[in-house]
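Heads up: the structure comes next, in structure tokens.
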Amino acid sequence: MDSAALADVARDLLRTAPGEFVADRTTRQRAVRTDDRELAAAIGKLRKPTPAAWIVDLLASENALDDAVDLGPALRQAQASADPQQIATLRKQRSQVVAALADAGAARAEAAGHPPTPAVLEQVRATIEAGMAGPHAGAAIRSGLLLRPLESVGFEDVDLTDALAVPDAVPDAWSGSDAPPIPITAGRRGARRSRDSGPAQDAPDEPDARKSPAADEDQRDPAAERRSAREAEAAARRASRDADAALDQAESALEDVEDRRTELHRRRRDLERQLSALDHERADLDVEAERLGQERDDAEAASDRAREALVVARRHRRGGS
């Protein structure tokens with residue numbers, strides 16, 4: 001099957017208003033079913049994007065995400081060179097770009113009749129930031145084939161599992177640059193190293209029984225606490241993403257059922273109209289049969305009278321002779 005052809009259809013569908021997705025998908029599927037049944041089957045399996053992914057796809061269709069993604073390499077280079085001033089400048093620029101894009105996406109969604117909630121806009125911002133965190137994620141959000149929001153967590157690669165409608169059509173999302181993703185959330189490795197390498201590390205450990213509450217407070221690991229907080233946040237986001245996916249599947253299934261019910265209702269109306277037409281036709285035939293029956297009875301009576309007249313005439317003729 002031609003992945004490019006499927007991707008073209010998918011991009012068109014993913015830009016449609018969420019409430020029209022299922023109907024448009026069915027229309028596109030039927031349009032190609034005669035010529036390419038394999039493509040039609042693949043179109044039928046396309047999933048509706050989440051609200052945040054839909055907005056990102058709207059922005060991608062206008063190439064509005066290019067500047068944001070192109071800012072990613074500079075951010076990663078600044079992080080690698082540990083230049084605090086450059087990092088601060090680029091992060092400020094990133095915040096401005098992301099905010100402007102989120103506002104633009106919200107305006108487009110509202111114009112389409114689906115104004116986004118604050119939670120959806122937060123997912124839009126997180127997805128755009130994730131697109132800056134690594135080249136693969138950048139290719140994903142620019143593809144116009146996004147199905148769900150993305151997130152960047154620490155030094156981990158952005159998870160693109162089930163994120164694209166046609167993964168084969170976006171090879172750069174899987175086999176692009178090998179540059180590692182750079183965290184775009186707060187975190188200064190240089191500062192952390194300076195804290196971890198302080199004099200307290202060289203002090204001998206005291207037995208646990210001699211440690212005071214103040215010592216326990218001093219020996220807490222801020223970096224570990226931040227990692228734990230990030231992991232908790234990532235788990236919460238994954239749970240939210242799974243819940244959104246389940247909701248999307250439920251809504252899609254419900255829409256499919258509604259479409260089938262509408263189709264059955266239409267067929268029922270057609271059959272009822274046909275049945276009504278047949279009833280009228282049968283009534284007309286009953287009237288016609290009754291009329292023809294009366295004509296037959298009249299003709300039969302006329303025939304009887306004619307025979308009787310013939311008999312009488314024959315008798316007169318014999319008597320006269």
(request) Using a strict cut-off of less than 4.0 Å between a Lys/Arg side-chain nitrogen and an Asp/Glu carboxylate oxygen, indicate whether E129 and R125 qualify as a salt bridge. (result)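 Salt bridge absent between E129 and R125.
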(message) Check R15 with D24, please: is the shortest side-chain N to carboxylate O separation under 4.0 Å?
(response)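 Salt bridge flag = no for R15 with D24.
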(message) S303 and side chain to side chain donor-acceptor pair (under 3.5 Å): which single residue from R305, R307, E300 fits?
(response) R307
(request) Scan residues 293-313 for pairs that pass ring-ring contact (aromatic ring centres under 6.0 Å, His included), counting only residues two or more places apart or in two chains. (result) none
If you measure from [atom1] on [X] to [atom2] on [Y], what distance do you get to the nearest 0.5 Å?
| X | Y | atom1 | atom2 | value |
| --- | --- | --- | --- | --- |
| L147 | L160 | CG | CG | 11.5 Å |
| I141 | L59 | CD1 | CG | 9.0 Å |
| L71 | M132 | CG | CE | 5.0 Å |
| R142 | S61 | CZ | OG | 13.5 Å |
| R37 | Q29 | CZ | CD | 9.5 Å |
| D159 | E151 | CG | CD | 8.0 Å |

Side chains of [X] and [Y] in contact at under 4.5 Å (non-hydrogen atoms):
| X | Y | result |
| --- | --- | --- |
| R108 | I55 | no |
| L271 | R268 | no |
| L146 | L14 | no |
| T27 | E20 | no |
| L46 | L6 | yes |
| W54 | T16 | no |
| E62 | L58 | no |
| V56 | L65 | yes |

Ignoring hydrogens and geometry, is there a side-chain-to-backbone donor-acceptor pair from [X] to [Y] under 3.5 Å?
| X | Y | value |
| --- | --- | --- |
| R11 | S143 | yes |
| S276 | E272 | no |
| T127 | L150 | yes |
| R148 | T161 | yes |

Closest heavy-atom pair and its distance - [X], [Y]:
| X | Y | answer |
| --- | --- | --- |
| S3 | A169 | O-CB, 4.2 Å |
| V158 | A133 | CG2-CB, 4.3 Å |
| A17 | A112 | CB-O, 4.4 Å |
| A139 | V170 | O-CG1, 3.8 Å |
| A165 | A10 | CB-CB, 4.3 Å |
| A53 | P149 | CB-N, 4.4 Å |

(message) Before you tell me yes or no, could you show the steps for D12 and R28 under salt bridge (charged side-chain N to carboxylate O under 4.0 Å, His left out), namely the whole-Å CA-CA distance, both residues' side-chain angles and the distance that decides it to 0.1 Å?
(response) CA-CA 10 Å; D12 289 340; R28 297 297 294 267; 3.5 Å; yes
(request) Might you work through the side chain to side chain donor-acceptor pair (under 3.5 Å) test for T26 and R30, ending with a clear yes or no? (result) CA-CA 6 Å; T26 301; R30 290 174 178 171; 5.8 Å; no
(request) Check whether L121 and V98 end up in the same hydrophobic cluster, where Ile, Leu, Val, Met, Phe, Trp and Tyr are linked by side-chain heavy atoms less than 4.5 Å apart. (result)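 Different clusters.
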(request) Scan for side-chain hydrogen bond (donor to acceptor under 3.5 Å, both in side chains) pairs involving residues 280-291, sequence neighbours excluded, and state none if there are none. (result) E288-R291, R291-E295
